[in-house]
Amino acid sequence: MAEPQVTLAKVYSPQEVERKWYQYWESRGLFHARVDPTKKPYTIVIPPPNITGVLHMGHILNNSLQDAFIRYKRMKGYEACWIPGTDHAGIATQNVVEKALMKEGKTRHDLGRDKFIERVWEWKKQYGGVIIKQLRTLGCSCDWERERFTMDESLSNAVKEVFVRMFDDGLIYRGKYIVNWCPKDHTAISDDEVNYTLQEGKLYYIAYPIAGSSEVAVVATTRPETMFGDVAVAVNPSDERYQHLIGKTVTLPLAMKPIPIIADEYVDQAFGTGMVKITPAHDPNDFWIGQRHNLPQVNVMDVSARMNENVPPPYQGLDRYEARKGALADLETQGLLVKVEDHTNNIGRCYRCDTVIEPYLSDQWFVRMKPLAEPALNVVLDGTITFYPDRWVKVYEHWMRNVRDWCISRQLWWGHRIPVYYAADGRFTAARSEDEARTKLGLQPSDPLRQDEDVLDTWFSSWLWPFSVHDWPQHEKLGKAADLAYFYPTDTLVTAPEIIFFWVARMIMAGLRFAPSFTHTDDPHKNIPFRDVYFTSIVRDARGRKMSKSLGNSPEPLDLIAEYGADAVRFTILYLAPLGQDIIYAKEKNEIGRNFANKIWNAGRFLLMNRDQIGEAEKRGEFNTDHLDLADRWILSRFHSTALDVDRAMQTYEINKVTKVLYDFIWHDYCDWYVEMIKSRLYGDEPLEVKRAVVARALDIFDASLRLLHPIMPFITEELWQHIRPRQPGASIMRAEMAEPDPSFITKQVEDEMTFVQNVIESVRTIRGEMSISPSKEISLIMKLSDGRESESIRKYNGYLQRLAKVRSLSFITGQSRPKRAATAVVQGEELFVPLEGLIDIEVEKARLHKEIDRVAGLLKSVQAKLANPQFVDKAPKDVVEKEREKLQTFTQTLEKLQRNYAALA
RNA sequence: GGACGCUUAGCUCAGUUGGUUGAGAGCGUCGCCCUUACAAGGCGAAGGUCGUAGGUUCGACUCCUACAGCGUCCACCA
């Protein structure tokens, strides 16, 4: 043979193979997608990871999924485009850099805004975006030429454009918002920067006199010092004790102000007295109640949490705890402090300085959500966008119907600065540039102009991601109009369910609102940002806890890849990831993937060895039907049925089913049965021509199986695909055509025939196992066939029996005679005898048969009972009843034969 | 407290519009094997009253109700 002898190592070692092929793919531009009108596009935009983040198991899952989808579609003939990128992550990034500064003994204020931002950019250049780089190790086929960052100039332009448009349309407004305020640092901090700890405190019951009545309203509070900001007392509308008080007025003690008694569902009748003081300026819940009832907001503290001019003079200037003491003392004197209870409450503290957080009102910018939410809800309810799994629709709907306005301003420096400009007289407007602002405000170039100090919430840039990656709104100027038209909308979004509101919902809103400006249509199908949303599983540890950096319970993904190989890690996580269920993950599970890779590797070695020794026929392809025997027909049937299952499961995103189907086919059908069966032909005395056809077909099926598996395990499939047959220079399996299933190859008759042969082999093996007969010892098999079956129909499989069950001689008997001292079995009504002179232990065989008789007798009994039930025979469908009748017959016959053989043993 | 999800072999999970006593796999366990692709392997075996209690049905792992345990998200309690 002219073919070179290829020797593969006995054990697959992924490291070098993976490095080699990734470089091969990337250097040849195989990941790059371009506009191609002859092909359908298939697009995914990556959920941009934080530039401060490091790769964790969630990313491994998420990106293995995306890569599998992208590679699959690419091989199915789509122009598959996976756009990578990173998120600037305002708070997280600013914190990282501030921490670094702290080591130098500096704060950001020492540097000033511009210098500080420069520092962040430097940091980003040096350390940022590690995750995106690590994705290469995993084998991700991202179109790196299209990589974007949410603070890129073009994406910042998109942010500005959207802000200005929404401002002009009245969808963005300035208002008061209650934030977590640190009175020491004088800054607002986000919810997840607040550390909550349980603390022993007191619950104070205070009487508020009711105007024009001798009654008092007793409220319970943990924070009496905020009472100066009280604007109402609330009760539950269905609380019968207080019906008569709703609408009355109470006098706020100490401040001596009249405030109303209102009714709100929020109030818990069982807590305290069932009456709550409402302080919108100093409690988040009260803030929302205040919004609902249009109550005023009375701020009683300054930025350091000292009492301000809105409290009576004696308290002014006191800090909140002094004010609490003072107020309690005064209430006590006036007899208004009814009682004090011990109470444990959850106190929020600043993550930096541990100061107790003060809920505090401040000026913030908001997006009006109602007008955006309605169309975004509709496209999910009417199926324009599909969620997988669909139960998230309900969660989405609930949130969208109760949506609150979105506070988009952040008191940070790192981020998109709010494009609002103020004139000296306080008038303001939103604009894309200072010039535009001056024009809008009617100012001269020399007039002073001040830009808002705050930056935008990070999500305000990521919600535009599906189209801002194509440089909207400057796509035309930058030559990206065709890309935007071709690759938008994207097809599949793969993301974690935690960010369904932060990100998924808002992208839908942004798409429906802004895409019409480039799709030039109102058709929601064209404007939505994606068609399908795949919500990933949560990866948990052995104790069921979510894997996270802070718990330290997550294996280091790069270590896993180094130890098991990227293919193994990918396969394992996808094998473990049922759609919508959590994954219990442990490092050792990667043995599933590693062992599977090794199995495939060795199947490849076997084929190469035979190709080199025997050669292969010219005729190739997974539809080749030359010199077929049972094993061939069967593996073709199994292959096409597997390919069909893969297609179906891919369509419904059941990726774990895809992996399972491929695993079972390759390992059990192809390796365990098919390869073992063709050995009997390859090493038998058939003509060389036939042997070569067998080799060709074995390679055909393997080649096609590698292609089916490639989206899951890209590296090893490429390595073997390149080895098993000569390829064009620069060719790659990732651009090869996916194997297409042909249902005409799927034949039940062949599978049934195969099942019979397998059952015979398995029965002989079981006998060998039970009798502890060494695998190297050959045995004889005698069969007694039922009337309908010719001995030739068995004899033609002699080769299989020899190789797979170590049967030396196969013979047949008729009539009443039966071999003495033989182990027996009944397969589909046919009797097997394995004479074991000297080897057989009669007692073992008796026990074995007895067990089998019991089992079959049990089955028979239940079938009999079922058929004896007239209700069943009457009401059950005909085919079900027919099936039971067939069972009755087989079980009866089998039982008779087993019993006769049992009797013959004694 | 509200919404949702899960509960099948020792462990991790499959189980496709209800057909049962013909409930599968991997790991682990036990037995026999270094058989010329693979010991990261091959062959065989043991192991399950499908969370509990009811209900619907000729028939329930599969549908309904309640309960228990676990988990997620939301609201988190003045």
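By convention in this document, chain letters (A, B, ...) are assigned in the order of the sequence lines, proteins followed by strands, and residues within each chain are numbered from 1. Bear in mind that the values here come from a model prediction, so they are computed numbers and not experimental data.
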Exercise for the section: Let me know, please, whether Arg855(A) or Val873(A) comes out on the 5' side of the other along RNA chain B by nearest nucleotide. Expected result: Arg855(A)
Exercise for the section: Report yes or no: do Asn595(A) and Tyr564(A) form a side-chain donor-acceptor pair below 3.5 Å? Expected result: no
Problem - Nearest-nucleotide pick for Thr221(A), side chain only, options being U12(B), C73(B), A78(B) - result: A78(B)
Exercise for the section: Provide, to the nearest angstrom, the distance between the CD1 atom belonging to Ile767(A) and the P atom belonging to A45(B). Expected result: 11 Å
Exercise for the section: Please state whether the rings of Tyr663(A) and Tyr575(A) are parallel, tilted or perpendicular, taking 30° and 60° as the class boundaries. Expected result: tilted
Handout entry: Spacing of Trp399(A) atom CH2 relative to A75(B) atom P, expressed in whole Å
Key = 11 Å
Practice task
Could you measure between the two P atoms, the one in G51(B) and the one in U21(B), and give it in whole Å?
Solution key: 14 Å
Exercise for the section: In whole angstrom, give me the gap between the C1' atoms of C76(B) and A68(B). Expected result: 25 Å
Handout entry: Any side-chain heavy-atom pair of Thr536(A) and Pro497(A) under 4.5 Å
Key = yes
Handout entry: Span that lies between the P atom of C50(B) and that of C63(B), in whole angstrom
Key = 15 Å
Problem - Ionic contact status for Glu397(A) with Lys394(A), cut-off 4.0 Å - result: no
Practice task
Answer yes when Glu358(A) and Arg320(A) have at least one side-chain N-carboxylate O distance shorter than 4.0 Å, and no when they do not.
Solution key: yes
Handout entry: Out of C4(B), C77(B), C38(B), whichever nucleotide has its closest atom nearest the side chain of Tyr266(A)
Key = C77(B)
Exercise for the section: Would you indicate whether the side-chain heavy atoms of Leu574(A) and Asn656(A) approach each other to under 4.5 Å? Expected result: no
Problem - Pairwise C1' distance, G18(B) and C61(B) [rounded to whole Å] - result: 10 Å
Problem - Selection from G42(B), C4(B), A37(B) that lies nearest to any side-chain heavy atom of Asp672(A) - result: G42(B)
Handout entry: Between G22(B) (P) and Phe891(A) (CZ): distance, integer Å
Key = 5 Å
Exercise for the section: Give the nucleotide from the list A78(B), C73(B), G44(B) with an atom nearest to the side chain of Val267(A). Expected result: A78(B)
Nucleotide N/O to protein N/O under 3.5 Å, stretch nucleotides 14-21 of chain B:
from	atom 1	to	atom 2	distance (Å)
U21(B)	O2'	Ser862(A)	OG	3.0
U21(B)	O2	Ser862(A)	OG	3.4

Problem - Distance, C1' atom - from U56(B) to U62(B), rounded to whole angstrom - result: 14 Å
Handout entry: Candidates A37(B), A25(B), C43(B) - which lies nearest the side chain of His668(A)
Key = A25(B)
Exercise for the section: Check whether the side chain of Lys599(A) and the base of C38(B) form a donor-acceptor pair under 3.5 Å. Expected result: yes
Fill in the blank from the handout: Note: for Asn602(A) and Thr766(A) on RNA chain B, the residue whose nearest nucleotide lies more 5' is Asn602(A)
